[in-house]
Amino acid sequence: MTQALDFHTLKALLEWQIDLGATEAIGDAPINRFEAPAKAPQPIRPQDPAPQDLPTPPPAANQTEIAQTLATQATDLVSLRAALAAFDGCDLKKGARNMVFADGNPAARVMVIGEAPGREEDLHGRPFVGAAGQLLDKMFAAIGLSRGSEDPDTAIYITNILPWRPPQNREPTPQEIAMLMPFVAQHINLAAPQLIIAMGNTPCAALLGQRGITRLRGTFTTAFDRPVLPMLHPAYLLRNPIAKRDAWCDLLTLKARMHPT
Ligand code: URA
């Protein structure tokens, strides 16, 4: 006999499935496929066109082009956010609880670009609010910058390459990055930061077309007509605390660039 599961067990089972990457409830009730009526084979009638005579369906609209159109139509950050929310071309959206657009002061001199929301960010709809985010806040606080500052000189503005959480926090695919890049590019144009921090490998790949963050970090380069400083991702620093000294050097490089003597 089947025993009814209590609320807490059911909740734990559901959370476990979500952690494994389940993103959609298929239906409220199970379907007995053995009872579903088999579809009768359709006779081929002479008047039916042969498959090769059927008109070719129009090619699926290129989602990157749609993203490009939506993004370039946005004239400010509010309309860019709305355009991104209206974009249905990326399947990650279906599995995400929230879209994560940005946090901090949009007028900040420094814009920090990370990879993609994780579990906490997906829950709260804000970038970098989990353990890595707490470290990120401490790192920038060490050179006098914060997302809460109203002064553009001491503020940071934070976003990610992807606005929706990839299942099981997997790395974004090159296709996902390419599809969402028009929004990132317009985000940079509209926020118009003086300096960009590429936080980790994914933003380096997306903005600079290069990977190898341990080699790239700490040296300013240019993308979107702006100086970009690649830095080690705080999640990497949590796993490799020894690398915090490199991150400290990079923060000092940023500070020196902001306040040349
Ligand atoms: N890691 C990121 O790259 N971005 C976030 O928002 C959170 C964790």
Side-chain angles (χ1 to χ4, degrees), residues 18-19 21 23 77 80-81 84-85 90 92-93 95-106 108 110-141 145-148 155-181 183-185 187-188 191 193 195-214 216-218 223 228-241 243-244 246-247 250-251 254:
I18 290 169
D19 282 344
T23 54
L77 292 172
L80 182 67
R81 186 191 184 114
L84 188 55
C90 179
L92 294 176
K93 182 180 182 181
R97 289 182 182 84
N98 283 299
M99 182 179 92
V100 175
F101 184 68
D103 197 19
N105 184 343
V110 177
M111 181 171 187
V112 178
I113 305 185
E115 177 176 303
R119 187 170 188 276
E120 293 300 311
E121 290 76 21
D122 180 47
L123 278 175
H124 295 96
R126 288 172 61 210
F128 282 102
V129 291
Q134 284 162 26
L135 179 55
L136 178 137
D137 285 341
K138 284 187 197 153
M139 288 162 62
F140 286 100
L145 303 181
S146 85
R147 64 173 101 189
I156 51 174
Y157 182 58
I158 310 174
T159 189
N160 282 310
I161 297 294
L162 299 190
W164 297 291
R165 181 193 183 194
Q168 295 162 277
N169 295 347
R170 65 155 170 75
E171 249 192 65
T173 65
Q175 291 75 18
E176 288 161 351
I177 295 175
M179 187 191 291
L180 291 157
M181 268 317 280
F183 291 103
V184 177
H187 207 156
I188 294 170
L195 303 164
I196 295 174
I197 305 295
M199 211 40 121
N201 255 324
T202 295
C204 284
L207 303 176
L208 312 174
Q210 293 185 65
R211 296 187 79 86
I213 186 65
T214 48
L216 296 169
R217 57 145 279 270
V228 178
L229 179 64
M231 280 186 62
L232 296 169
H233 194 286
Y236 175 86
L237 299 176
L238 288 172
R239 295 191 301 270
N240 303 278
K244 283 184 184 172
D246 293 333
D250 301 346
L251 287 165
L254 170 63

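Atoms within a ligand are numbered from 1 in the order they appear, just like the ligands themselves.
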Colleague: Could you list the atoms of ligand 1 found under 4.0 angstrom from a heavy atom of Gly114?
Modeller: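 Listed by number with element, the hits are 3 (O).
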
Colleague: Would you say His233 contacts ligand 1, with heavy atoms under 4.0 Å as the rule?
Modeller: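 In this structure, His233 qualifies as a contact of ligand 1 - some heavy atom is under 4.0 Å.
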
Colleague: Does Asn105 use its side chain to pair, donor to acceptor, with the backbone of Tyr157 at less than 3.5 Å?
Modeller: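 Such a contact is absent between Asn105 side chain and Tyr157 backbone.
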
Colleague: Kindly write out the residues that satisfy salt bridge (charged side-chain N to carboxylate O under 4.0 Å, His left out) with Arg170, not counting sequence neighbours, or none if the list is empty.
Modeller: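 Applying salt bridge (charged side-chain N to carboxylate O under 4.0 Å, His left out) to Arg170 gives Glu176.
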
Colleague: Which atoms of ligand 1 are found less than 4.0 Å from any heavy atom of Ala116?
Modeller: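 Selected atoms, number and element: 1 (N), 2 (C), 3 (O), 4 (N), 5 (C), 6 (O), 7 (C), 8 (C).
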
Colleague: Which residue supplies the protein heavy atom nearest to atom 4 (N) of ligand 1, what is that atom called, and how far is it?
Modeller: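 That would be Asn160 OD1, 2.8 Å.
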
Colleague: Within ligand 1, which atoms have a heavy atom of Pro127 less than 4.0 Å away?
Modeller: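 Those of ligand 1 that fall under 4.0 Å from Pro127 are 6 (O).
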
Colleague: Below 4.0 Å, non-hydrogen atoms only: which portion of Glu121 touches ligand 1? Side chain, backbone, both or neither.
Modeller: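 The answer is the side chain of Glu121.
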
Colleague: Please verify whether a non-hydrogen atom of Gly130 lies at under 4.0 Å from ligand 1.
Modeller: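 The answer is no, since Gly130 has no heavy atom less than 4.0 Å from ligand 1.
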
Colleague: Could you tell me whether some N/O pair between Ala132 and ligand 1 is separated by less than 3.5 angstrom?
Modeller: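 N/O-N/O distance below 3.5 Å does not exist for this pair.
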
Colleague: In the structure I gave you, are the side-chain heavy atoms of Leu229 and Leu195 within less than 4.5 Å of one another anywhere?
Modeller: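 No. Closest side-chain heavy atoms not under 4.5 Å.
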
Colleague: Side-chain contact, heavy-atom cut-off 4.5 Å: Ile188 with Leu207?
Modeller: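 Result yes, sub-4.5 Å side-chain heavy-atom pair found.
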
Colleague: Sort and list the pairs that fulfil salt bridge (charged side-chain N to carboxylate O under 4.0 Å, His left out) and have at least one residue in residues 128-141, not counting sequence neighbours.
Modeller: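 Salt bridge (charged side-chain N to carboxylate O under 4.0 Å, His left out) check on residues 128-141 returns Asp137-Arg147.
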
Colleague: Can you tell if the side chain of His187 reaches within under 4.5 Å of the side chain of Leu77, non-hydrogen atoms only?
Modeller: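 Answer yes - side chains close enough.
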
Colleague: Using a 3.5 Å distance criterion without hydrogens, assess whether the side chain of Asp103 forms a donor-acceptor pair with backbone atoms of Thr159.
Modeller: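 Answer holds: no.
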
Colleague: Hey, is Ala235 touching ligand 1 through its side chain, its backbone, both or neither, going by heavy atoms under 4.0 Å?
Modeller: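 Neither; no heavy atom under 4.0 Å.
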
